[in-house]
Every structure is written in structure tokens, then in C-alpha cells.
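Here the structure is laid out as C-alpha cells; the discussion comes afterwards.
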Amino acid sequence: MTALILVLNGPNLNLLGTREPEIYGKTTLDDIHLLMNKSAAAHGWRLDFRQSNHEGELVDWIQWGRENTDAIIINAGAYTHTSVAILDALRAVDKPIIEVHLSNLFQRETFRHHSYITPAALGLICGFGARGYVLALEALTDVLS
Ligand code: CA2
């Protein structure tokens, strides 16, 4: 069976490429979706790529992922630093989870140094811009084979 990977993007990531290029780069979320589709196809995987500005919607999608996906890649945006609800939802998923951030959280404000997501994740990739999402797929290679 072809593996299905759920890719979740949190608040404001729909604005990528329009502002703050010095922090987040010029790549749009659609560009990232295309890059990931190419990489996933090369691995023989399918992607379900989503973005929401709403915490509860992200929780609903994570719960959906418990039954319907083989792995989750998540950039929870600012909810990374605030959301126990997203942590609890991720903890209920018995599948590999990779946390991704475009920017290097540890070079930024101290409130971005803490992530509620990391304890539920297999690993964290941050600071490599859009490429981090493709690296997250690479990280799943051994795990899903
Ligand atoms: O570096 C990341 O990927 C972040 O998850 C991005 C979040 C930020 O709150 C996290 O601390 C780190 C913010 C995403 C908002 O992106 C924008 C892009 C362009 C214009 C405005 C916001």
C-alpha cells in the first residue's frame, strides 16, 4: 500500500512569500507543496497537504490522521509555542511525527525557543527554510520502509 503523509501547516503560513522574506524566505506555501509532491512521488508516497489558521481545525485534522495516515509532518506556526491541545492530539497519534520550522527558532525571541510539539515528535528540523519540509520527508525514508 502507498504510504500517505499528512502535512499540516498552522496560522499565517498561508502568507509565506508575501512578507518577512528575510526570516521566512520568498517561497510560498504552494511552492512548498509542489516541492514536497515531487519528493514524495520519488519515494512512492502520497501527500495530504493542509493549512489552517484555527487551532481546533488542526486538532481535528491530527485526530483524523490517527486512523488515516502513515506519518505526520507539522509546522504548527505560532501554536508551537502555546498549544497544549495540539500536543495532546499529537500524543494520541501512534505514527511518526516530524516537526518542521522554516526559521531557526533558537536564533529568535526567547518565547520561540520552547515548543509544545517536540515531545510528541520523532525529531525537529528548523532553520533550513522550505528545504526543511523536504528534509522531513527524507527523515521518514527509513521509518516508513
Ligand atoms: O519558522 C517557522 O516555521 C515558524 O513556525 C513560523 C511561525 C512562527 O510563529 C514560529 O515561531 C516559527 C510564523 C508563520 C507566519 O509566517 C508568516 C509569513 C509571512 C508573513 C507573515 C507571517
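Remember, it's a predicted structure, so these values are computed and weren't measured experimentally. Remember, it's 1-based here, ligands and their atoms both numbered in the order they're listed.
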| field | Nearest option to atom 8 (C) of ligand 1, as decided by whichever heavy atom of Arg19, Arg112, Glu109 sits closest | value | Arg112
| What do you reckon, does His81 have a nitrogen or oxygen under 3.5 Å from a nitrogen or oxygen of ligand 1? | yes
| For the student: nearest non-hydrogen atoms of Thr2 and Gly44, plus distance | CG2-O, 2.9 Å
| task | Return the orientation label for the Phe106 and His113 ring planes: parallel under 30°, perpendicular over 60°, tilted otherwise. | result | tilted
| request: Specify the protein heavy atom at minimum distance from atom 13 (C) of ligand 1: its residue, its atom name, and the distance to 0.1 Å. | output: Tyr24 OH, 3.4 Å
| Which word best sums up how the rings of His33 and Phe49 line up, parallel for under 30°, tilted for 30 to 60°, or perpendicular for over 60°? | parallel
| Between Ile86 and Val100, is there a shared hydrophobic cluster once you connect ILVMFWY residues whose side-chain heavy atoms come closer than 4.5 Å? | no
| remark: Contact region, Asn75 to ligand 1, non-hydrogen atoms below 4.0 Å, reads side chain
| message | Give the atom numbers and elements of ligand 1 that come within less than 4.0 Å of a heavy atom of Ala78. | response | 9 (O)
| Is the backbone N or O of Glu57 less than 3.5 Å from a side-chain atom of Asp60, with the two atoms forming a donor-acceptor pair by type? | no
| At what distance is the nearest protein heavy atom to atom 2 (C) of ligand 1, and which residue and atom is it? | Leu102 N, 3.4 Å
| field | Which residue and heavy atom of the protein sit nearest atom 14 (C) of ligand 1, plus the separation | value | Leu13 CD2, 3.8 Å
| said: Minimum distance, heavy atoms only, to atom 1 (O) of ligand 1: which one of Ser103, Pro21, Gly25 is it? | reply: Ser103
| request: Could you tell me whether some N/O pair between Leu15 and ligand 1 is separated by less than 3.5 angstrom? | output: no
| Are Tyr116 and His114 an aromatic pair by the rule of ring centers under 6.0 Å? | yes
| said: Looking only at protein heavy atoms, which one is nearest to atom 15 (C) of ligand 1, and what is the separation? | reply: Asn12 CB, 3.6 Å
| Below 3.5 angstrom, do we get any N/O pair linking His101 and ligand 1? | yes
| What's the shortest distance from atom 12 (C) of ligand 1 to any protein heavy atom, and which residue and atom give it? | Leu105 CD2, 3.7 Å
| field | Passing candidate, side chain to side chain contact (heavy atoms under 4.5 Å, CB included) with Tyr79, options Ser52, Ser115, Pro11 | value | Pro11
| message | Would Ile23 count as a contact residue for ligand 1, given that I'm defining contact as a non-hydrogen atom of the residue lying under 4.0 Å from a ligand atom? | response | no
